[in-house]
Amino acid sequence: MTELAVSHLSKTFVTHDRGRRVPLRAVDDVSFVLRSGHTVALVGESGSGKSTIARMLARLVRPTSGEIRLDGVPVPGGYRAVRRYRGTVQMIFQDPFASLNPTHTVGYHLRRPLRLHDVAEDRPAAQEAMYGLLARVNLSPAELMAGKYPHELSGGQRQRVAIARALAPRPRVLLADEPVSMLDVSIRLEILNLIERLKREDDLAVLYVTHDLATARYFATEAMVMYRGQVVESGSSDDVILRPAHPYTQLLASAAPDPTARRATTAPRDLAAAGSGPNGGAGNRSGRPAPDGGCLFRNRCPHAMEVCRQPVPVFAVDATHTARCWLYRDADQARAHAADAPA
Amino acid sequence: MSSGGGGAAPVLSVRDIAVDYAGPRTVHAVRGVSFDLGRSEVLGIAGESGCGKSTLAYAIARLLRPPARMTAGSVVFHDTDGTAIDVTALSGEALRTFRWRRVAMVFQGAMNALNPVLSVRAQLGDVLRAHLPDLTRREREDRCRELLDLVGIEARWMSGYPHELSGGMRQRVMIAMAMALRPDVVILDEPTTALDVVVQREILEEIDRLRSVFGFAVIFITHDLSLLLEISDRLIIMYGGLIVEQGRATEIQAGAHHPYTLGMLGSIPTLRGDRRVLHGIPGTPPDLADPPSGCPFTPRCRYAFGACGAAVPPLLDVGTLTACAQYDPALRPDGPDDALGSASASVPAGSAADSPVEPAS
């Protein structure tokens with residue numbers, strides 16, 4: 001049983017605007033736990049900070065503050081310790097066209113991590129382990145595939161190589177950063193099913209970073225929704241996606257293509273119908289990003305209220321479902337009271 | 001339902017278009033595609049990368065450049081007054097006035113389709129100057145303002161440059177540009193692929209609103225089948241440079257026939273539907289420099305049989321127009337494979353007839 005726990009993780013990048021230093025809060029106080037055998041989906045639009053979180057977990061980006069603990073132990077610094085950590089926590093990148101070295105064969109890509117992480121003691125052992133990895137990701141015939149270069153492979157095959165490479169050090173945690181968004185539609189499910197199968201076989205803890213609510217619900221037990229660096233909602237993936245609590249998640253869910261809702265535009269759905277608040281409809285595009293301090297979504301939110309200028313704590317929607325939204329203050333307090341009251 | 005012209009008089013008739021990319025290995029990107037586009041209809045063209053859908057769009061708008069070459073086929077534009085214009089025969093000034101005034105296009109990758117060193121005003125103005133040279137500067141300025149207003153962009157952005165606009169705004173500018181001459185047909189080539197879902201939804205609503213105002217027909221090209229099922233009237237599914245299935249979106253949703261379409265529908269998880277086992281389609285799309293003989297889907301098709309590799313199957317009317325030998329009574333007098341028949345009968349989008357899934361755990 002492996003547990004990768006993240007607490008109060010934040011990352012601030014410094015950007016420059018006409019010579020001035022402008023801090024950009026890419027990830028703001030995020031906490032969660034990845035456990036063996038479970039997939040957690042991190043959902044958000046581009047720029048929401050979801051990839052930065054995955055990169056911090058892979059120790060490719062140094063957190064500004066907060067802590068990452070692997071099985072209760074803080075991750076130490078230093079070259080050797082980081083390498084040991086990376087043997088346990090591996091990442092699959094979004095773009096298999098960029099994540100493989102065009103000058104090396106598939107075999108080289110797999111033998112190298114096997115040797116570096118001491119999985120295979122010598123060349124023959126590495127060779128054998130490499131064939132094993134290729135078989136596990138259904139790249140056959142293994143002898144033929146091992147000699148190929150990335151440009152000879154299709155996108156789906158490349159992503160399989162990338163997955164095999166991630167499995168080489170025998171990790172216990174897999175970070176999948178948009179693993180299928182660059183692939184053709186007919187290939188995507190095969191790759192996601194492969195990750196799901198490997199998760200079961202190896203009892204991996206998986207973080208699935210995606211912008212696609214439908215696959216998040218399909219492959220993950222838990223889902224977290226990010227907006228501008230904050231986790232605005234989290235809970236079981238069914239709760240979050242079928243019964244979204246936060247107005248931003250509601251907006252995301254209503255915007256996703258839905259073949260069962262034909263011609264949403266001729267019969268406007270809640271997008272426009274919700275337009276009773278001060279901002280008109282949900283997803284008000286002209287709303288400038290809300291300044292820090294209060295709810296970051298308040299300028300686009302159909303339910304925005306005065307209290308939204310105050311920093312928003314995380315409220316419980318129900319026992320396993322939380323939202324960073326003032327709308328749930330009362331529900332949260334009612335629950336707290338109910339818990340206090342004698343049964 | 002001949003080529004399924006959507007009922008009303010077509011505005012565009014496309015017949016037997018074939019496009020090759022010349023090179024050491026000539027790529028046959030489009031291999032004989034025919035369809036009609038009805039007036040103010042939304043026609044979706046779905047397919048994976050390399051299936052020829054964008055090449056087809058470029059061929060229709062006569063925008064192909066070497067090494068691409070249209071080797072066969074014709075495109076006829078039907079004006080409201082009944083005159084027919086053979087687009088394939090146009091050249092020079094006639095072609096220039098046809099393009100954009102009749103058929104406008106919104107290109108793939110809004111991020112890169114605008115010129116980064118010209119202001120929005122200059123780029124919109126350029127279209128107007130080229131096609132409506134009689135406008136005064138003041139009139140042009142007014143038209144630009146009007147066009148931006150049409151797509152919900154404030155006039156102050158006229159002096160802005162593309163890098164100052166968000167992806168969604170750039171795509172709106174592209175749409176405004178396509179609207180500039182009130183075309184009869186707008187071709188949208190993956191207009192929302194690079195955009196986030198919320199922005200995508202706004203753009204789709206914008207396009208639909210404009211369509212209801214101006215009544216232009218839309219050819220909407222994307223790999224996102226679930227999106228097309230939602231927004232289009234009629235749908236064309238392309239594979240390996242060919243149309244493999246064609247029909248009303250509602251028909252395809254209720255009962256697609258081609259194994260490829262069924263595979264695509266079965267590989268889309270729905271947002272709200274039940275969780276069930278979903279499968280992608282094994283294998284990879286064909287190499288169009290050396291396409292397999294017969295049906296291009298044969299190597300990946302689980303219903304393939306002897307006749308599939310023999311000849312490219314014609315589109316047969318089996319409820320939808322389907323190019324699959326399984327439905328050809330001459331080849332299969334007893335009808336299609338039972339498994340295929342029942343898969344086709346019971347597939348609302350993304351609910352293939354597979355065993356129920358255990359919830360992810």
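Sequence lines set the chain letters: A, B, ... in the order given, protein chains first and strands last, and positions in each chain run from 1. Values in this document were obtained by computation on a predicted structure and should not be read as measured data.
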>> With side-chain contact (heavy atoms from CB on, under 4.5 Å) as the criterion, how do A/Val185 and B/Asp224 come out once you've worked through the C-alpha distance, each side chain's angles and the decisive distance to 0.1 Å?
In response: CA-CA 8 Å; A/Val185 198; B/Asp224 189 343; over 6 Å; no
Would you name the heavy atoms of [X] and [Y] that are closest together and state the gap between them?
X: B/Gly283; Y: A/Ile187; answer: O-CD1, 3.6 Å
X: A/Ala256; Y: B/Glu230; answer: O-OE1, 4.4 Å
X: A/Ser186; Y: B/Arg300; answer: OG-NH2, 2.9 Å

For [X], is it the side chain, the backbone, both or neither that has a heavy atom under 4.5 Å from a heavy atom of chain B?
X: A/Ser46; answer: both
X: A/Leu213; answer: both
X: A/Asn193; answer: side chain

Nearest 0.5 Å, please: how far is [atom2] in [Y] from [atom1] in [X]?
X: A/Tyr218; Y: B/Leu271; atom1: OH; atom2: CG; value: 14.0 Å
X: A/Leu183; Y: B/His223; atom1: CG; atom2: NE2; value: 10.5 Å
X: A/Leu189; Y: B/Ile268; atom1: CG; atom2: CD1; value: 9.0 Å
X: A/Arg188; Y: B/Ile281; atom1: CZ; atom2: CD1; value: 12.5 Å

> Do side-chain atoms of A/Glu45 reach the backbone of B/Asp196 as a donor and acceptor pair under 3.5 angstrom?
Replying inline: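 Such a contact is absent between A/Glu45 side chain and B/Asp196 backbone.
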> Taking B/Val197, B/Ile207, B/Val199, B/Leu225 one by one, which has the highest count of heavy-atom pairs under 4.5 Å against chain A?
Replying inline: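 Top option by heavy-atom pairs under 4.5 Å: B/Val197.
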>> Does any part of the side chain of A/Arg300, heavy atoms only, come nearer than 4.5 Å to the side chain of B/Val198, both counted from C-beta?
In response: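 In contact.
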>> Between A/Pro257 and B/Gln200, is there a side-chain heavy-atom distance shorter than 4.5 Å?
In response: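 SC-SC contact between B/Gln200 and A/Pro257 confirmed.
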